[in-house]
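This report concerns only the one structure given below.
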Amino acid sequence: MSTEHPAEAEAPPVEPPSAPTRRAFIATTTAAGGGAVVGGVVAGPPVHAAEDAVAAEVPPGSRVSLTVNGVRRTVTIDNRTSLLDLLREHFGLTGSKKGCNAGACGACTVLVDGRRVNSCLTLAVRLEGAEVTTIEGLAKGDRLHPLQQAFIDQDAFQCGFCTPGQIVSGVGCIQEGHTGSAAEIREWMSGNLCRCGCYVKIERAVEQAAGRK
Ligand code: FES
Ligand code: FES
């Protein structure tokens with residue numbers, strides 16, 4: 001009769017976990033969708049999948065034709081391009097300024113088909129056939145637009161950063177007929193901010209160009 005306690009009986013040897021075979025590794029990798037070595041050839045993802053990945057990295061673009069300051073232009077651009085970036089980065093028209101890039105300051109104001117818009121909030125691809133006027137398009141050769149001259153006469157700027165947007169917006173304000181009084185001008189120019197605080201002189205310049213002075 002054995003005196004050995006059952007718990008102390010010699011346990012059978014434990015087999016160490018076997019390392020995966022090369023064949024099993026390849027099968028697992030292939031099933032996971034990655035590249036694998038098959039018959040000595042490195043196999044990547046299917047060709048159409050690679051093409052899809054490249055297509056996903058290329059942002060969708062569109063061709064658009066518009067007239068800027070009297071010049072017809074046709075470009076192919078990323079669909080997300082703002083009119084402001086199209087003007088500044090594609091056409092080199094840097095007069096329109098990027099202040100807030102969020103529709104809050106008016107520094108980017110241009111005219112589209114005669115209407116004032118914040119070009120930072122306007123998608124360029126939506127402007128097929130449009131007529132765009134920027135600050136660069138107001139003067140006729142050496143002859144300044146009357147509102148540009150009025151800004152000089154009234155000393156209506158300090159640092160000048162807001163000035164292109166103020167002048168284009170003022171041109172729109174005059175064309176719209178919102179110049180019946182100083183208060184009306186202030187109201188209809190209120191979307192254009194001036195951190196230098198030149199508002200009184202800006203309003204006088206608009207009055208002068210509108211023929212009220
Ligand atoms: Fe467009 Fe400020 S930059 S509104
Ligand atoms: Fe400086 Fe208007 S002149 S922000």
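Ligands are counted one by one from 1 in listed order, and the atoms in each one are counted from 1 as well. This chain uses plain numbering: 1 for the first residue, then up along the sequence.
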With the side chain counted from C-beta on, respond yes when [X] and [Y] share a heavy-atom pair under 4.5 Å apart, and no when they do not.
X    : Y    : result
V132 : N69  : no
T74  : R63  : yes
H178 : E187 : no
E176 : W188 : yes

Begin with the C-alpha distance, continue with both residues' side-chain angles, and end with the deciding distance and a verdict on side chain to side chain contact (heavy atoms under 4.5 Å, CB included) for K98 and D85. CA-CA 9 Å; K98 185 180 282 188; D85 285 342; 2.8 Å; yes
Do V75 and L83 sit in the same hydrophobic cluster, where Ile, Leu, Val, Met, Phe, Trp and Tyr count as joined when their side-chain heavy atoms come under 4.5 Å apart? yes
Rounded distance (nearest 0.5 Å) linking atom [atom1] of [X] with atom [atom2] of [Y]:
X    : Y    : atom1 : atom2 : answer
E203 : E207 : CD    : CD    : 4.5 Å
R143 : L138 : CZ    : CG    : 12.0 Å
D78  : L123 : CG    : CG    : 10.0 Å

Under 2.8 Å from atom 1 (Fe) of ligand 2, which protein N, O or S atoms are there? Could you list them by chain and number? C159 SG, C196 SG
Number of protein N, O or S atoms [distance to atom 1 (Fe) of ligand 1 under 2.8 Å]: 2
